[in-house]
Visitor: 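Below you'll find the structure I mean.
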Amino acid sequence: MVTGILSQALSDALTASGIEAPDEIHLERPARREHGDWSSNVAMATAKNAGKNPRELAGEIVAHIEANPPTVVKSVEIAGPGFVNFHLYDTWLHDVLTNAVTQGTDNFGRSETGAGQAVNVEFVSANPNKPLHAGHARGACYGDAIARLLERTGHTVTRETYLNDRGVQMKLFADSLAARKRGEEPPADGYQGEYLIEWAAEMPDDADPAVWGYERALKSHSATLESVGIHFDVWFSEKSMIESGAIDATLTALAERDMTYTNDDALWLKSTEFGDDKDRVLVKGDGDFTYLAPDIAYHRDKFSRSPKLINVFGADHHGYIKRMKAAMAALGQDPDDLEIIITQLVDLERDGKEFRMSGRSGDMVYFDDVIAEVGPDATRFTYLMQSVDSRQTIDLDLLISKAMDNPVYYVQYAHARISNLVRKAGEAGQTRGDKVDLALLTHERELDVLRALSTLPETIERAAAERAPHAITNWTREFAAAFHGFYHDCYVVGDGVSAELTQARLWLVEASRVGLVVGFDLLGLSAPESM
RNA sequence: GCCUCCGUAGCUCAGUCGGAUAGAGCAGGGGACUUCUAAUCCCAAGGUCGCAGGUUCGAUUCCUGCCGGAGGCGCCA
């Protein structure tokens, strides 16, 4: 890696100046081309402790590197307040190309950061009593992208979703469904959504609404998720823990650790001992569990299967974090092994009306509606375009009317052009061979493509570490822009293009394909051969 | 009142492990199709990075306070 060579050179230069080099030397890509290919602030960062002026130290570093230049370094200079800027020979980018082609879509951008680490990612976890709505879609697309990123960085991932298939809300659901079946309105505190009318019509007369309705909801969820290519390894049933005795066993385990007490006939968890704001009730005065008891049992079960848990929850579950971490600590787990990611809520607008994707009201925009209107790729891309730390506003009318302008087509079009190029070249008797002179790739557009390509591995690393798949979305847009520019200005086959240049460009095209496909795979997008 | 997230161009959003002239798409303005798909490309325009302090050689980025928006603070889930 070129960064390794450069940081070694900087480290050696510091040593020569009698300064101990920091463990990690920061190298960055300057925002402006004239500042070179790579830049380091190491002189500014170390000058103070060394009792030197930053520019003076930078001068010493530059002099040392100029006297012993690594082969890729064309020139090195001091700039601004003390940056050390490297200008490299284009070969470093040609090496990026070779690397991408050699590694292919399976291995390019793959890292071993998470090698040997198993991670359980829980997401969606929607109540099995209504169709998934457009708010669930965010967590679904996000959770799946996180799983994909973790896999790319070497982790072994289990995708899991939790089913609240018992308790008060399931009874209300069954009652509401039964009422619809009789042609009546649901109970006032029941489920008002119109989907229940459809479901009731499908339900056989002799069916048990609780059982049949639950199955129907599950079928709805899995069909919706299937249509965007999301699959869970585990659909975990809350009810199964009643049958297995896992909840009672968990309460026993907590009691044995002296983490519970009884007050007002209720069983409490001493969660304040682990940073929670107040103690929490596990078993109510009437003997029923609160939601917390099965949830704790569920997480205990997950920990028995995986050392690291990631939960993706909506913003309305923010208050849940402290208490669940406290509960895990009470069970003797390291709470840091439970990571809870909060995705901010989605606001939807349709016909100038705002929809809130929460609550029991029937007014919903369903996940299926969005997919049906714009297709699975645009759905995924839209949800993965921005950070989950910000609230997302989706204007469905705008999304539909602009469906053809969706940025997903911009990036997919780049892939379609690649497929077309390869086909056209083949028709002209030009296929990519083993003999190639990459030194022919000197056009600024070609180099721009390779510069963009060179950032993919580090972008993946960072996106995975920061749980930020939107960084990949942005990368695909940037890369596609570079590729479209190349496509426009650099013909691969045709008059005036030598066979050798065609060959070199076919290699660049293949490297581009590898990069795009890796990016698409991380986002769960298809890679169309034509559009 | 307490806790979490957000506030960047007309709109939707990136960027921020402190760095050199803050970016993209859309909308609006001007250009480019006799060669691989114009779902493309190029140019111009658009900003007190919510406000005020603090730390720093340097703050949109870190800290504090305030203002504004969203969500959460149950023996609901």
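So you know, we letter chains A, B, ... as the sequences are listed, proteins then strands, and number each from 1. The analysis underlying the following values was restricted to heavy atoms, covering all of them including side chains, and did not include hydrogens, waters or symmetry mates.
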Visitor: Nearest-nucleotide wise, let me know which of A:G285 and A:G80 is further upstream toward the 5' end of RNA chain B.
Guide: A:G80
Visitor: Under 4.0 Å between any heavy atoms, over every strand shown, what does A:I342 touch: base, sugar-phosphate, or nothing? Just pick one.
Guide: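 Nothing, no nucleic acid heavy atom in range.
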Visitor: Report, one pair per line, the protein and nucleotides 10-13 of chain B atoms (nitrogen or oxygen only) whose separation is under 3.5 Å.
Guide:
residue, atom, partner, partner atom, Å
B:C13, OP1, A:T393, N, 3.4
B:C13, O5', A:Q386, OE1, 3.2

Visitor: Please determine, by modelled atom types, if A:Y320 and A:D295 share a side-chain donor-acceptor pair under 3.5 angstrom.
Guide: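 On atom types as modelled, these side chains qualify, holding a pair under 3.5 Å.
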Visitor: Partners of A:Y162 by ring pair (Phe, Tyr, Trp, His ring centres under 6.0 Å), sequence neighbours excluded?
Guide: A:Y298
Visitor: Run the side chain to side chain contact (heavy atoms under 4.5 Å, CB included) test on A:F483 and A:H415 for me, step by step, so that the C-alpha distance in whole Å, both residues' side-chain angles and the decisive distance to 0.1 Å come before the verdict.
Guide: CA-CA 9 Å; A:F483 187 82; A:H415 186 271; over 6 Å; no
Visitor: Using whole Å, report how far CG of A:D389 lies from C1' of B:C6.
Guide: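 Those two atoms, CG and C1', are 9 Å apart.
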Visitor: Should A:T473 and A:L523 be marked as a side chain to side chain contact (heavy atoms under 4.5 Å, CB included) after you check the CA-CA gap, both sets of side-chain angles, and the distance that decides it?
Guide: CA-CA 7 Å; A:T473 315; A:L523 300 173; 3.6 Å; yes
Visitor: For A:L267 and B:C75, what is the distance between atoms CG and C1' respectively, to the nearest whole Å?
Guide: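 The answer, rounded to whole Å, is 11 Å.
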Visitor: Are A:Y291 and B:C76 stacked, counting the six-membered base ring, centres under 5.5 Å, planes under 30°?
Guide: no
Visitor: Measure from the side chain of A:D264, starting at C-beta and using heavy atoms only, and say which of B:C5, B:C75, B:A77 lies closest.
Guide: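 Among the listed nucleotides, the one closest to the side chain of A:D264 is B:C75.
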Visitor: Please collect all salt bridge (charged side-chain N to carboxylate O under 4.0 Å, His left out) contacts where either partner lies in residues 494-505 of chain A, sequence neighbours excluded, each pair once.
Guide: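 Applying salt bridge (charged side-chain N to carboxylate O under 4.0 Å, His left out) to every pair that reaches into residues 494-505 of chain A, excluding sequence neighbours, yields A:E446-A:R505.
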Visitor: Using a 4.0 Å heavy-atom cut-off, does A:E427 contact any base of the nucleic acid, only the sugar-phosphate backbone, or nothing at all?
Guide: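 The residue A:E427 makes no contact with any strand.
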Visitor: On the 0 to 90° scale, with breaks at 30° and 60°, tag the A:Y191-A:F173 ring pair as parallel, tilted or perpendicular.
Guide: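 Answer is perpendicular, since the angle exceeds 60°.
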Visitor: Between B:C75 atom P and A:Y261 atom OH, what is the distance in whole Å?
Guide: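 That distance rounds to 11 Å.
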Visitor: With a non-hydrogen cut-off below 4.0 angstrom, is A:G494 in contact with a base, only sugar-phosphate, or nothing?
Guide: nothing
Visitor: Who are the side chain to side chain contact (heavy atoms under 4.5 Å, CB included) partners of A:A504, not counting sequence neighbours?
Guide: A:V436, A:L440, A:L441
Visitor: What's the closest nucleotide to the side chain of A:R323 if the choices are B:C36, B:G72, B:A77?
Guide: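 Of all the options, the side chain of A:R323 is nearest to B:A77.
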Visitor: So, A:D448 and A:R451, do they make that salt bridge, N to O below 4.0 Å?
Guide: yes
Visitor: Under 4.0 Å, heavy atoms only, any strand: does A:D295 hit a base, just the sugar-phosphate, or nothing?
Guide: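 Nothing, no nucleic acid heavy atom in range.
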Visitor: Consider only side-chain N and O atoms of A:D277 and A:T272, and report whether a donor and an acceptor are under 3.5 Å apart.
Guide: no
Visitor: Between A:K284 and B:C76, is there a contact of a side-chain N or O with OP1 or OP2 at under 4.0 Å?
Guide: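 Checking A:K284 against B:C76: at least one side-chain N or O falls below 4.0 Å of OP1 or OP2.
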Visitor: Check whether NZ of the Lys or CZ of the Arg A:R417 lies under 6.0 Å from the centre of the six-membered ring of A:Y487 and within 45 degrees of that ring's axis.
Guide: yes
Visitor: In whole angstrom, give me the gap between the P atoms of B:C5 and B:G65.
Guide: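 Rounded to whole Å, the distance is 14 Å.
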Visitor: By the salt bridge (charged side-chain N to carboxylate O under 4.0 Å, His left out) test, which pairs, at least two apart or in different chains, include something from residues 376-387 of chain A?
Guide: A:D144-A:R380
Visitor: Rounded to the nearest angstrom, tell me the gap between atom CZ in A:R29 and atom P in B:G15.
Guide: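 After rounding, the gap between these two atoms is 17 Å.
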Visitor: Decide, yes or no, whether a salt bridge links A:K302 with A:E122 under the criterion of side-chain N to carboxylate O below 4.0 Å.
Guide: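 Counted as a salt bridge, because a side-chain N and a carboxylate O are separated by less than 4.0 Å.
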Visitor: Nearest whole Å is fine: how far is B:G19 P from A:H26 NE2?
Guide: 8 Å
Visitor: A:F313 CZ to B:G72 P: how many Å, rounded?
Guide: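 Computing the A:F313:CZ to B:G72:P distance gives 15 Å.
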Visitor: Starting at OH of A:Y191 and ending at P of B:A77, how long is that distance when rounded to a whole Å?
Guide: 11 Å
Visitor: With centres under 5.5 Å and planes under 30°, do A:F83 and B:A20 count as stacked?
Guide: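 Whether judged by distance or by angle, A:F83 passes, so it stacks on the base of B:A20.
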Visitor: Between A:E461 (side chain) and A:T113 (backbone), is there a donor-acceptor pair under 3.5 Å?
Guide: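 No, because the side chain of A:E461 does not come within donor-acceptor range (under 3.5 Å) of the backbone of A:T113.
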Visitor: Test for a donor-acceptor pair under 3.5 Å between the base of B:A77 and the side chain of A:T290, counting only N and O atoms.
Guide: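 It does not, because no donor-acceptor pair links the side chain of A:T290 to the base of B:A77 below 3.5 Å.
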Visitor: Tell me whether the NZ or CZ atom of A:K239 lies within the 45° cone about the ring axis of A:Y214 and under 6.0 Å from its centre.
Guide: yes
Visitor: Could you check whether A:R432 makes a cation-pi contact with A:W507, meaning its NZ or CZ is under 6.0 Å from the centre of the six-membered ring and within 45° of the ring axis?
Guide: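 Flagged: A:R432 positioned over aromatic ring of A:W507.
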Visitor: Quick one: side chain to side chain contact (heavy atoms under 4.5 Å, CB included) partners of A:D175, sequence neighbours excluded?
Guide: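 Once residues adjacent in sequence are excluded, the partners of A:D175 under the side chain to side chain contact (heavy atoms under 4.5 Å, CB included) criterion are A:K171, A:P187.
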Visitor: Establish whether the base of B:A20 is bridged to the side chain of A:N85 by a donor-acceptor pair shorter than 3.5 Å.
Guide: yes
Visitor: Does any residue of residues 452-477 of chain A have a heavy atom under 4.0 Å from RNA chain B, and if so, which ones, in number order?
Guide: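 RNA chain B contact set from residues 452-477 of chain A: A:R462, A:H470, A:N474, A:R477.
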Visitor: So which nucleotide from B:C36, B:A77, B:C75 ends up closest to the side chain of A:L421?
Guide: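 Nearest to the side chain of A:L421 among the choices is B:C36.
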Visitor: What does the list of N/O pairs under 3.5 Å between the protein and nucleotides 56-63 of chain B look like, with a distance for each?
Guide:
residue, atom, partner, partner atom, Å
B:C57, OP1, A:K48, NZ, 3.4

Visitor: Kindly give the atom pairs (protein nitrogen or oxygen, nucleotide nitrogen or oxygen) under 3.5 Å for nucleotides 38-41 of chain B.
Guide:
residue, atom, partner, partner atom, Å
B:A38, OP2, A:R417, NH2, 2.7
B:U40, O2', A:R417, NH1, 3.1
B:C41, OP1, A:Y410, OH, 2.2
B:C41, O3', A:R445, NH2, 3.2
B:C41, O2', A:H488, ND1, 3.4

Visitor: Apply side chain to side chain contact (heavy atoms under 4.5 Å, CB included) to A:E339 and list each qualifying residue two or more places apart in sequence or on a separate chain.
Guide: A:K308, A:I310, A:I341, A:R467
Visitor: Just wondering, do A:H35 and B:A20 stack (centres under 5.5 Å, planes under 30°)?
Guide: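 Yes.
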Visitor: In chain order, what residues pass the side chain to side chain contact (heavy atoms under 4.5 Å, CB included) check against A:D265, with sequence neighbours excluded?
Guide: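 Not a single residue meets the side chain to side chain contact (heavy atoms under 4.5 Å, CB included) criterion with A:D265.
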Visitor: Hey, is the main chain of A:E427 close enough, under 3.5 Å, to the side chain of A:Q430 for a donor-acceptor pair?
Guide: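 Judged by distance alone, no pair lies under 3.5 Å.
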Visitor: Give the nucleotide from the list B:C36, B:A77, B:G71 with an atom nearest to the side chain of A:A315.
Guide: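 When the side chain of A:A315 is considered, B:G71 is the closest of B:C36, B:A77, B:G71.
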Visitor: When you check the phosphate oxygens OP1 and OP2 of B:G74, does a side-chain N or O of A:K278 lie under 4.0 Å from one of them?
Guide: yes
Visitor: For B:U21 and B:G58, measure between their C1' atoms and round to the nearest Å.
Guide: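 It works out to 15 Å between them.
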Visitor: Calculate the interatomic distance between A:R33 atom CZ and B:G23 atom P; express it in whole Å.
Guide: 15 Å
Visitor: Of all the base pairs, Watson-Crick or G-U under 3.5 Å, which form stems of three or more consecutive pairs involving RNA chain B?
Guide: B:1-7 with B:67-73, B:10-13 with B:23-26, B:29-32 with B:40-43, B:50-54 with B:62-66
Visitor: Mind checking if A:N263 touches a base, just sugar-phosphate, or nothing, with heavy atoms under 4.0 Å?
Guide: base
